[in-house]
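Scroll down for the structure; my scribbles are underneath it.
Side-chain atoms are counted along with the backbone in the values below, which use heavy atoms only and exclude waters and symmetry mates. Numbers restart at 1 for each chain; the letters A, B, ... are given by sequence-line order, proteins then strands.
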Protein chains: 2
Amino acid sequence: MASNIKMDDKDRLIVRLLSNDARMPVSELSRQVGLSGPSTSERIRRMEAGGIISRFTVDLDLTALGYPLQAIVRIKPRPGNMHIVEDMILNEPGFLDCDKVTGEDCFVTRLALRSIADLDPVLLPFHDKAETNTAIIKSSPLRGRMPV
Amino acid sequence: MASNIKMDDKDRLIVRLLSNDARMPVSELSRQVGLSGPSTSERIRRMEAGGIISRFTVDLDLTALGYPLQAIVRIKPRPGNMHIVEDMILNEPGFLDCDKVTGEDCFVTRLALRSIADLDPVLLPFHDKAETNTAIIKSSPLRGRMPV
DNA sequence: CATGAAAGTGTAGACCC
DNA sequence: GGGTCTACACTTTCATG
């Protein structure tokens with residue numbers, strides 16, 4: 001297990017700057033943080049090795065990609081259908097997130113759609129193996145924030 | 001609204017490579033895509049301008065940051081408390097996502113916790129303004145996938 | 001979309017506190 | 001142990017075909 005790496009304020013600033021622009025050059029990062037280039041590189045490398053930074057990636061705009069609609073779908077498999085339902089979720093590319101949770105529902109998922117007409121066809125195969133509850137997302141006041 | 005940019009296979013490959021490592025140099029990207037450096041840079045710029053790429057960022061590991069627990073919390077404000085409840089969510093740093101949805105619940109949120117003991121104190125202030133329903137996340141078979 | 005020169009950037013080794 | 005400095009190799013950018 002990743003032994004808990006300790007972060008100081010400079011580490012936190014580096015992470016915050018990289019969150020806004022992961023391609024920011026080390027030279028500019030170091031300027032804003034107040035360290036030399038090599039020190040800044042070394043801190044980034046340590047945070048990657050320590051597992052704090054799991055990867056550098058891009059945020060894609062689903063609307064621009066042709067998926068202007070999203071829904072939260074809670075899925076409760078009927079007895080004996082747990083694994084098959086999980087596989088069905090993983091194999092339907094529209095599902096973006098899937099969390100296995102305690103409580104009444106078993107899966108809470110996020111589904112991307114090209115149009116509302118696509119909702120029924122996507123959920124239809126589930127209806128003999130699970131109960132589903134769908135809520136269309138009207139807006140997302142908060143996405144992907146990190147705790148301070 | 002972002003006029004729908006058309007992407008070809010090379011664009012999709014660029015995006016896929018950048019998703020795995022947003023700091024990959026353009027030189028290596030261009031090698032793998034089979035284009036010159038400037039052409040590759042230009043495609044990245046176009047996808048940023050067209051809104052397909054909303055930003056370059058880092059994925060942080062919440063467990064390594066000291067938040068090993070997450071929960072899905074559905075929040076249904078009592079009449080008249082809609083805006084106050086939304087503000088309370090935005091002002092509690094533990095909430096990572098908040099979606100406003102149709103249906104019975106109004107907000108579906110994702111909450112990060114340092115320990116299970118922190119759940120009650122975080123939700124306590126909501127109890128006179130909303131009904132909440134909490135499901136602890138046992139595992140996340142799928143996080144942040146993009147539709148093919 | 002590719003090429004080539006100029007400017008900028010990252011990395012490694014030696015050194016310091 | 002962590003930080004800095006310098007120099008060299010690599011990368012990006014811009015103008016041009």
Side-chain angles (χ1 to χ4, degrees), chain A residues 1-61 64-66 144 146-148, chain B residues 1-68 114 144 146 148:
Chain A
M1 168 180 169
S3 57
N4 264 13
I5 307 298
K6 54 179 176 184
M7 291 173 76
D8 63 14
D9 287 340
K10 289 185 192 299
D11 287 323
R12 273 182 279 273
L13 180 53
I14 289 171
V15 164
R16 200 159 18 155
L17 291 168
L18 285 173
S19 299
N20 289 331
D21 179 9
R23 284 181 80 79
M24 180 181 289
V26 173
S27 55
E28 189 178 341
L29 270 174
S30 59
R31 234 173 281 134
Q32 296 201 32
V33 175
L35 288 174
S36 69
S39 299
T40 308
S41 291
E42 174 61 13
R43 280 165 180 265
I44 295 172
R45 199 199 58 71
R46 268 194 2 244
M47 289 192 282
E48 282 191 81
I52 291 176
I53 294 177
S54 40
R55 63 172 186 169
F56 294 89
T57 187
V58 297
D59 280 356
L60 301 179
D61 185 322
L65 286 171
M146 282 295 133
V148 176
Chain B
M1 168 183 167
S3 58
N4 264 12
I5 307 298
K6 54 180 177 182
M7 291 173 77
D8 63 13
D9 287 340
K10 289 184 192 300
D11 287 323
R12 273 182 279 272
L13 180 52
I14 290 171
V15 165
R16 193 145 20 108
L17 291 168
L18 286 174
S19 298
N20 289 332
D21 180 9
R23 284 180 81 79
M24 180 181 289
V26 174
S27 57
E28 190 178 340
L29 270 174
S30 59
R31 234 173 280 135
Q32 296 200 32
V33 175
L35 288 173
S36 70
S39 299
T40 307
S41 292
E42 175 59 17
R43 280 167 181 263
I44 295 172
R45 219 189 330 272
R46 263 196 9 245
M47 289 192 283
E48 281 191 81
I52 291 176
I53 294 177
S54 41
R55 63 171 185 170
F56 293 89
T57 186
V58 297
D59 280 356
L60 300 179
D61 185 321
L62 285 161
T63 298
L65 287 171
Y67 295 83
R114 292 193 175 278
M146 284 294 132
V148 176

Hey, does the side chain of B:Arg43 reach the backbone of B:Ile14 with a donor-acceptor pair shorter than 3.5 angstrom? no
In short, B:Arg114 meets B:Pro68 closest at the heavy-atom pair O-CD, 3.4 Å
Mind checking if B:Arg45 touches a base, just sugar-phosphate, or nothing, with heavy atoms under 4.0 Å? nothing
Measuring from atom OG of B:Ser41 to atom CZ of B:Arg46, what distance do you get when rounded to the nearest 0.5 angstrom? 12.5 Å
Heavy atoms of A:Lys10 and A:Val33 approach each other most closely as NZ-O, 3.5 Å
Do you know which two heavy atoms are closest between A:Asp11 and A:Lys6, and how far apart they sit? OD2-O, 4.1 Å
Nearest whole angstrom, please: distance from the P of D:dG2 to the CE of A:Met47. 13 Å
What's the CG-C1' distance between B:Leu29 and D:dT13, to the nearest Å? 16 Å
Heavy atoms under 4.0 Å is the rule here; annotate nucleotides 3-17 of chain C 5' to 3' with B where the base is hit, S where only the sugar-phosphate is, and - elsewhere. B-----SSSB-----
In whole angstroms, the gap separating P of C:dC1 from CG of B:Leu35 amounts to 6 Å
Grab the CD-P distance between B:Glu42 and D:dT12 for me, whole Å please. 15 Å
Compare every heavy atom of A:Ser30 with every heavy atom of A:Ser27, then report the nearest pair and how far apart it is. O-OG, 2.7 Å
